[in-house]
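All ligand and atom numbering here is 1-based and tracks the order in the structure. We're numbering straight along the sequence, starting at 1.
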Amino acid sequence: MLEIKNYIGGVFQPALDGETLDDFNPATAQCIATIPRSKAADVELAVVAAQSTQSEWGALSMMERADWLDRIADALEAKHEHIAQTESMDTGKPISLARRVDASRSVSNFRFFAEFSREQPQMTFEMADAMNYVHRSPVGTVGLITPWNLPLYLLSWKVAPALLMGNTIVAKPSEITPLTANILAETLHELELPPGVFNLVHGLGPEVGQSILEAPGIKGISFTGGTATGRIVARTAAPMFKKLSLELGGKNATIVLRDADLTQAVDGAVRAAFSNSGQVCLCGSRILVDASIADNFTKLFIEKVESIQIGNPSLAETVMGSVISPEHLEKVESYIELGLAEGGTVLTGGTRAMTGFKGPDGIGAFLRPTVVADLPHTSRCATEEIFGPMVTLHTFDTEEQAVEMANHSEYGLAGSVWTTDLERGRDLATKIETGIVWVNTWLHRDLRTPFGGVKNSGVGREGGKWSMEFFSEMTNVCVKSGKLSE
Ligand code: TXE
């Protein structure tokens, strides 16, 4: 049983009041760790530690901090398998996914921002009689709050640019997936990152998370999580004029046009629907198919879904593991029941997966990938975020109808379009009200591009220069040329 501690001022320590929370492996229902149930006093300790080292860390050049990112990337790379195994155990995701996505991307997040920063020119604007220099300085101490679906992947996506731009950090991972954030803290400690630059406080969102939002010494918040929580974050932090970046929920459309390469579209739609058991905000949870190819697409799609290997996340051949918790399993099941009540037809799945792999209590949060058809695109199942292995299937007759259906959502994060006519796909993509649209692919990521959504999917963008701008304040210095008398 791991006894995880907070990491504050370079010291691993329990919550000041000694309270703890249990952390479970959702695939086996085993308690695998305890974490501090931190409160406001722990956050105050972390903010003081961060502020005490802010000027020293901020005084380094960006190139010196980029070198730090390279050292962190190297150290995490050396722990790649340990990170993957730990992430799989903490989330129930298959080890193959944890290796290929979570562990690898955590390394590349640090490597990317180190290299990207070296390519960024000084921003200047020349006038006839003056030169404007845009100077970047740190925001200061920032709060990073992250969710349970891609724990280290999303934490490192924020930590790397925050450190690069000279900020000090108070980070809080999800209380149900704390373990790889702890590996990051251990790694930074081993590298002797100056104490106080990175601080990690564990605990419940409404307690320690809320305290981070309210801490006057925290000048910016980068939050990834659900839309409901995003509202709380905005409501708390905005009146304090903190910089805010909100990456929230999604209900993304996979649009299959009649001229799509069917095999490519089916493979892409299944991957977008059920990767990480559908627990990725970018997942394609609504599948919109041209009516003229719907029968053929649906047949191939269901065959592909039913070939997904569900089981013990520790096995290399497993494609789909458990969902994040028994409670989340019940939430997804409630949507399956709702789908039936709304007049839908379950084409496959809909029941718990008898994987033959059972934890000690004979339970494991395994749900078979589920496809529900015959629901209107305005139904609750087709408009509310389920965030699990359940998708709805809809048909359209015209592209205008496909666009209207795709945009019939309070969310606006991502989407994909499948067609052999790339210009048509690109043109259609510009009509979809989201922050990201893929054409003939999904989750194909260039880290230089803007990442984020609109409507209930959040505010702001992260990635490349957008992360550098979020995690810095800009001062424009205008220098008049020539003699003062002119
Ligand atoms: O989110 P929660 P979860 C979304 C995804 C889904 C959700 C799942 O769509 O809706 O995240 O993650 C902390 N004050 N995305 O369930 O509950 C909480 O402890 C401060 C979108 O974890 O919102 C956790 O650390 N903090 C995303 C974090 O907020 C609070 C990609 C998120 O918790 C708090 C991944 C409070 N009052 C998931 N209450 C994207 N758009 O990229 C909770 N927290």
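- One finds no salt bridge joining Glu469 and Lys243 here, because no Lys/Arg side-chain nitrogen approaches an Asp/Glu carboxylate oxygen to under 4.0 Å.
- Geometric assessment of Arg445 against the ring of Trp157 yields a positive cation-pi assignment under the 6.0 Å and 45° thresholds.
- For atom 21 (C) of ligand 1, the nearest non-hydrogen atom of the protein is Leu248 O, 2.8 Å.
- One finds no salt bridge joining Lys331 and Glu333 here, because no Lys/Arg side-chain nitrogen approaches an Asp/Glu carboxylate oxygen to under 4.0 Å.
- Within ligand 1, the atoms closer than 4.0 Å to a non-hydrogen atom of Gly249 are 9 (O), numbered from 1 in the order shown.
- There is a side-chain donor-acceptor pair under 3.5 Å between His80 and Ser104.
- Counting only heavy atoms, the protein never gets under 4.0 Å from atom 33 (O) of ligand 1.
- Residue, atom and distance of the protein heavy atom nearest to atom 36 (C) of ligand 1 are Gly205 O, 3.4 Å.
- Taking the charged nitrogens against the carboxylate oxygens, Glu473 and Lys219 have no contact shorter than 4.0 Å, which rules out a salt bridge.
- Between Phe198 and Trp68, the distance from one ring center to the other does not fall under 6.0 angstrom.
- The contact set between ligand 1 and Glu247, taken as ligand atoms under 4.0 Å from a residue heavy atom, comprises 21 (C), 27 (C), 40 (C), 41 (N), 42 (O).
- Between Arg380 and Glu342 no salt bridge is recorded (no basic side-chain N to carboxylate O distance below 4.0 Å).
- Neither the backbone nor the side chain of Ser457 has a heavy atom within less than 4.0 Å of ligand 1.
- Proximity to Ile232 (heavy-atom distance under 4.0 Å) selects the following atoms of ligand 1: 37 (N).
- Residue contacts with ligand 1, taken as heavy atom pairs separated by less than 4.0 Å, do not involve Gln279 at all.
- Proximity of Pro206 to ligand 1 is established by a heavy-atom distance of less than 4.0 Å.
- Closest to atom 39 (N) of ligand 1 among all protein heavy atoms lies Thr229 CG2, 3.4 Å.
- Set against the non-hydrogen atoms of Gln210, the atoms of ligand 1 under 4.0 Å away are 14 (N), 20 (C), 36 (C), 37 (N).
- Checking Thr91 against Thr177 by side-chain atom types alone, no donor-acceptor pair falls below 3.5 Å.
- Among protein heavy atoms, atom 27 (C) of ligand 1 sits closest to Thr224 CG2, 3.1 Å.
- Note on Arg37 versus Glu207: salt bridge recorded, some NZ/NE/NH1/NH2 to OD/OE distance being below 4.0 Å.
- Taking the charged nitrogens against the carboxylate oxygens, Lys93 and Glu87 have no contact shorter than 4.0 Å, which rules out a salt bridge.
- Ring pair Tyr7/Phe12 is tilted by interplanar angle, where 30° to 60° counts as tilted.
- Among all non-hydrogen protein atoms, the one lying nearest atom 20 (C) of ligand 1 is Gly209 C, 3.2 Å.
- Ranking the protein heavy atoms by distance from atom 28 (C) of ligand 1 puts Thr146 O, 3.5 Å first.
- Of the protein's non-hydrogen atoms, Trp148 NE1, 2.7 Å is the one closest to atom 16 (O) of ligand 1.
- Residue contacts with ligand 1: Asn149 is included, with a non-hydrogen atom under 4.0 Å away.
- Listed by number with element, the atoms of ligand 1 under 4.0 angstrom from any heavy atom of Pro173 are 25 (O).
- For ligand 1, the polar-atom distance check finds an N/O of Glu175 within less than 3.5 Å of one of the ligand's N/O atoms.
- Salt bridge status for Glu462 with Lys158: present, with a side-chain N to carboxylate O gap under 4.0 Å.
- Compare Gly203, Gly225, Gly388 by their heavy atoms: the one nearest to atom 11 (O) of ligand 1 is in Gly225.
- Ionic pairing of Glu410 and Lys251 is not present here: no N-O contact between side-chain nitrogen and carboxylate oxygen is shorter than 4.0 angstrom.
- The nearest protein atom to atom 40 (C) of ligand 1, hydrogens excluded, is given as Cys281 SG, 2.9 Å; this is a heavy-atom distance.
- Short contacts between ligand 1 and Leu413, defined as distances under 4.0 Å to a heavy atom of the residue, involve ligand atoms 41 (N).
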